[in-house]
Amino acid sequence: MTPTVPSPAVVAGPAATDLLTLRRPDDWHLHLRDGAVMAAVLDDTARQFARAVVMPNLKPPVTTVAQAADYRERILAALQPGRVFEPLMTLYLTEATPASEIGLAARSGFVHAVKLYPAGATTNSNAGVRDLRHCDSALAALAETGMPLLVHAEVTDPAVDIFDREKVFLEQVLRPALDRHPQLRVVVEHITTAEAAAFVSQGEDRVAATLTAHHLLYNRNALFQGGLRPHMYCLPVLKREAHRQALVAAATSGSARFFLGTDSAPHARELKEHACGCAGCYTAAHALELYAEAFDQVGALSRLEGFASLAGPAFYGLPLNAGQVRLQRRPQLVPTELARGDIAVVPLRSGETLPWTLLD
Ligand code: NCD
Ligand code: ZN
């Protein structure tokens, strides 16, 4: 019988498009939490990324430079021996943040941004901002430093439909704030709509955006596929397919205004699978594989390095990383559950096969 499969000896090496080499990338939006969970999730990110912008929504939130310094030390102490990883710290903006704290942050050398959570918008946002105009002195100080304001861009008004909250925030809160502070630099975090993509691509150079892998790969049908899917629930919530396509177009456009931010957000399995489940998708362990899949789906792998490794440092005014990472088109099974510190986390794509694998 004629063999249908060539023997391994005559199989050529992987085609060029099956092996992807990128300058070492960064994650510009990450939740690490604290304590045992932080220590246990940290290596998922440090394996993939050289740096990550670490969100300050701890309990209590990281509102001062002194707290950020302590948090940074705890992160560095939890790194596995030999890992080189730099946490880029952020401050949590409140209506009581003094302008002096912003100045201190800018001079610290390790705080790289200030995060705006509208009060009640998402996980641990209760200490956030009710009326952004109450923060104008802090925003003026921030604009002077050139450090960006990172924005969770959703209004919290219960009368506004949850699928419209991003669009309404951009019109009613962010546009006026940008007009009040013409030097203020802003990253609209984890954008989820065509309106947000247009706001950024058609706006000023001082406005950029991060995109998550899950918003590039899924639309809101994923929340209800065959039943309620709590592990697909994050904020801002997934939107309809036309929005996903607009986000993919933005991410793969080659514009340096769009860069990688996983928004990986670990929550214990039982708090996701709950009558009132927490918002957040855990993607840190397979982040680059998920982004590669999204870019590959539209034939845009050649744009991944710009998005993952070049645009973020340019916006933040930080050097490019040395070194490289390699991804191979080789299937890998995502574990159904990951033990992380004292909790079990269900990763995105739990129990499914990913087409790409990050090589160590
Ligand atoms: C984040 C979290 O769990 O801290 N959750 C999420 O759904 N993205 C908070 C946030 O970024 O909104
Ligand atoms: Zn987040």
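Since the structure is predicted, the reported quantities are computational estimates derived from the model, not experimental observations. As a basis for the values below, the full set of heavy atoms in this structure was taken, side chains included, without hydrogen atoms, waters or symmetry mates. Just follow the structure's listing: the first ligand is 1, and inside any ligand the first atom is 1. This chain uses plain numbering: 1 for the first residue, then up along the sequence.
Ion pairing between a basic and an acidic side chain is recognised when a charged N comes within 4.0 Å of a carboxylate O; Arg165 and Asp157 show no such pairing.
Atom 8 (N) of ligand 1 has Asp263 OD2, 2.7 Å as its closest protein atom, hydrogens excluded (heavy atom only). For atom 5 (N) of ligand 1, the closest heavy atom belonging to the protein is Ala279 O, 3.1 Å. Nearest protein heavy-atom neighbour of atom 9 (C) of ligand 1: Thr122 OG1, 3.3 Å.
At a threshold of 4.5 Å between non-hydrogen side-chain atoms, the residues Gln183 and Arg206 do not count as touching. At a threshold of 4.5 Å between non-hydrogen side-chain atoms, the residues Leu235 and Ile162 count as touching. Side-chain contact between Phe307 and Tyr291 is present, with at least one heavy-atom pair separated by less than 4.5 Å. Here the side chains of Leu260 and Asp27 are in contact, with some heavy-atom distance below 4.5 Å.
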Going by atom type alone, with no hydrogens or angles, which donor-acceptor pairs under 3.5 Å involve a side-chain atom of residues 140-149 and a protein atom two or more places apart or on another chain?
unit_1: Thr145; atom_1: OG1; unit_2: Leu142; atom_2: O; d: 2.7
unit_1: Thr145; atom_1: OG1; unit_2: Met147; atom_2: N; d: 3.0

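Side chains of His267 and Arg33: a donor on one and an acceptor on the other come within 3.5 Å. A donor-acceptor contact under 3.5 angstrom links the side chains of Tyr282 and Asp44, judged on distance only. With no hydrogens or angles considered, no side-chain donor-acceptor pair links His286 and Gln48 at under 3.5 Å.
Residue Arg180 places its CZ atom among more than 12 non-hydrogen atoms of other residues, nucleotides or ligands, all under 6.0 Å distant. Atom CD of Glu337 has more than 12 heavy atoms from other residues, nucleotides or ligands within 6.0 Å. Within 6.0 Å of atom CZ in Arg83, more than 12 heavy atoms from other residues, nucleotides or ligands are found, so the atom counts as buried in its surroundings.
For the pair Cys234 and ligand 1, the shortest N or O to N or O distance does not fall below 3.5 Å. Checked by distance only, ligand 1 and Thr123 come closer than 3.5 Å through their nitrogen or oxygen atoms. Considering backbone and side-chain atoms together, Leu235 places an N or O closer than 3.5 Å to an N or O of ligand 1.
Arg33 counts as a contact of ligand 1, since one of its heavy atoms falls under 4.0 Å from the ligand. Contact between His267 and ligand 1 is present, with at least one heavy atom of the residue lying under 4.0 Å from the ligand. By the 4.0 Å heavy-atom criterion, His190 is counted among the residues contacting ligand 1.
Side-chain atoms of Thr192 never come within 3.5 Å of backbone atoms of Pro236 as a donor-acceptor pair (strictly under, hydrogens ignored).
Under 4.0 Å from ligand 1, not a single heavy atom of Glu189 appears. Looking at Asn124 against ligand 1, nothing comes within 4.0 Å, counting heavy atoms.
Applying the side chain to side chain contact (heavy atoms under 4.5 Å, CB included) test between Phe259 and each of Val187, Asp26, Leu211 identifies Val187 as the sole match.
Taking every non-hydrogen atom of His152 and a distance limit under 4.0 Å, the qualifying atoms of ligand 1 come out as 12 (O). Within the listing of ligand 1, atoms 2 (C), 4 (O), 9 (C) sit less than 4.0 angstrom from a heavy atom of Asn57. Close contacts between ligand 1 and Gly280 involve ligand atoms 5 (N), 6 (C), 7 (O) [criterion: under 4.0 Å to a heavy atom]. Applying the 4.0 Å criterion to heavy atoms of Ala265 picks out, from ligand 1, the atoms 1 (C), 2 (C), 3 (O).
Excluding waters, the set of protein N, O or S atoms lying under 2.8 Å from the Zn ion (ligand 2) comprises His29 NE2, His31 NE2, Asp263 OD1.
The closest heavy-atom contact to atom 1 (C) of ligand 1, among the options His31, Met55, His29, Lys115, comes from His31.
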